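Taking it in order: structure first as structure tokens, then the write-up.
Residues: numbered from 1 along the sequence shown. Everything numeric here is computed off the predicted structure, so don't read it as measured data. Every number for a ligand or one of its atoms is a count from 1 in the order of the listing.
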Amino acid sequence: MALIFDRAAIRLGDFALSADWQVTAGERVALIGPSGAGKSTLLMALAGFVPLASGRISWEGRDLGPLPPAQRPVATLFQDQNLFPHLTVAQNVGLGLSPRLRLDAEQTARVAEVLDRVGLRGLEGRRASQLSGGQQGRAALARALLQARPVLMLDEPFAALGPRLKADMLDLVAELAHGVTLLMVTHDPRDAGRIAERTVLVADGVAHPPEPTGPLLDAPPPALRDYLG
Ligand SMILES: Nc1ncnc2c1ncn2[C@@H]1O[C@H](COP(=O)(O)OP(=O)(O)OP(=O)(O)O)[C@@H](O)[C@H]1O
């Protein structure tokens, strides 16, 4: 069981990126590298929003190429959390199950259960705009978990939170998404060290094969050293 980038190549105008490696199901991997190197674009290719110029991406032996985004095995947690400020917490989370918010009793119970798991019980009826940053992160995580996809992509999650809160949220992700394959874009090597067993360096047109995070950060190759400063 694995997520495989098989000589996958992306071309967008002058921008080119290649990836040729795999991640074992349930593994947690960080993507790190300079701004504009293509970290988000690689995730968007996995999600089906950016086409491959050649090669393929497969999950458990199945080529994802023909699958539209909604049928791919991935859920995404974005930096801006993508919450609708005027909707309640329960509604924002319910959108993960039904885009029109027509939830049956079983789905409503699942929303309540996942809100409980992320520690938001009692705040179901509050508008998203009335949540703290940390609570918003929990609501967005609840929505992503509710989709129950085997791959969870995090694009600079919780970047707006302070270091302590961000660390707590990453620990919560690791705990609640246990068994889920995580791909996390981050600019902070501490995030990678906290949650990711292996790290992909994205630089100079290549998403390099994942390497064990600790040794990679302790003895960074030149491209990573330049980036880390
Ligand atoms: N539709 C497009 N056409 C041409 N180039 C594009 C298109 N979309 C993205 N790019 C380019 O792809 C490159 C990679 O962008 P991407 O956002 O993936 O980088 P990133 O590593 O996630 O950066 P950051 O860390 O700043 O978020 C950038 O140079 C961007 O300008």
Side-chain angles (χ1 to χ4, degrees), residues 3-23 27-57 59 64-65 67-70 72-83 133 136-137 140-141 144 149 151-163 166-167 169-170 173 181-211 213 216-217 220-229:
L3 174 67
I4 302 179
F5 292 85
D6 179 9
R7 284 173 287 173
I10 297 165
R11 266 183 212 101
L12 295 170
D14 293 341
F15 174 77
L17 182 70
S18 64
D20 189 31
W21 38 265
Q22 57 178 279
V23 167
E27 204 179 345
R28 299 196 293 259
V29 172
L31 292 90
I32 199 163
S35 188
K39 304 177 295 294
S40 300
T41 303
L42 188 69
L43 294 192
M44 287 301 101
L46 170 57
F49 294 109
V50 167
L52 292 185
S54 61
R56 59 180 221 154
I57 304 173
W59 169 253
L64 297 183
L67 296 185
R72 297 207 176 194
V74 298
T76 311
L77 190 56
F78 292 101
Q79 177 178 3
D80 63 10
Q81 315 291 9
N82 259 354
L83 297 176
Q136 288 180 13
L141 174 61
R149 305 277 172 88
V151 180
L152 179 59
M153 310 191 309
L154 307 105
D155 198 343
E156 295 186 56
F158 323 124
L161 303 181
K166 186 165 71 162
M169 288 304 301
L170 291 176
V173 168
T181 307
L182 290 185
L183 293 179
M184 178 182 70
V185 170
T186 180
H187 279 284
D188 188 341
R190 285 169 302 183
D191 292 357
R194 186 153 198 109
I195 195 172
E197 292 117 6
R198 292 197 295 163
T199 293
V200 169
L201 170 61
V202 183
D204 304 321
V206 181
H208 294 272
E211 294 189 36
T213 301
L216 180 72
L217 294 176
L224 182 57
R225 210 164 47 227
D226 289 349
Y227 164 68
L228 294 174

Considering heavy atoms of the protein only, find what lies nearest to [atom] and give residue, atom and distance to 0.1 Å.
atom                    : result
atom 17 (O) of ligand 1 : Ser40 CB, 3.9 Å
atom 7 (C) of ligand 1  : Leu12 CD1, 3.6 Å
atom 28 (C) of ligand 1 : Gly36 O, 3.7 Å
atom 26 (O) of ligand 1 : Ser35 OG, 2.5 Å
atom 18 (O) of ligand 1 : Thr41 OG1, 2.4 Å

Short question: side chain of Lys39, backbone of Val202 - any donor-acceptor pair under 3.5 Å? no
So does Ala196 get a backbone contact from the side chain of Thr213, meaning a donor-acceptor N/O pair under 3.5 Å? yes
Are there more than 12 heavy atoms of other residues, nucleotides or ligands under 6.0 Å from atom CZ of Arg56? yes
How about Asp204: does its CG atom have over 12 heavy atoms from other parts shown lying under 6.0 Å from it? no
Those atoms of ligand 1 less than 4.0 Å from some heavy atom in [X]:
X      : answer
His187 : 24 (P), 25 (O)
Pro34  : 21 (O)
Glu156 : 27 (O)
Gly38  : 14 (C), 16 (P), 18 (O), 19 (O), 20 (P), 21 (O)

Is the closest protein non-hydrogen atom to atom 30 (C) of ligand 1 under 4.0 Å? no
Nearest heavy-atom neighbours spanning Gln22 and Arg198: O-NH2, 3.2 Å
Heavy-atom check, side chain of Pro73 versus side chain of Leu64, under 4.5 Å: yes
Are Glu156 and His187 side-chain neighbours, meaning at least one heavy-atom pair lies under 4.5 Å? yes
Can you check whether Gly13 has an N/O within less than 3.5 Å of an N/O in ligand 1? no
Test your reading of the structure: does Gly33 have an N or O sitting under 3.5 Å from an N or O of ligand 1? no
Only one of Leu182, Leu183, Ile195, Val185 passes side-chain contact (heavy atoms from CB on, under 4.5 Å) with Leu154, and that residue is Leu182
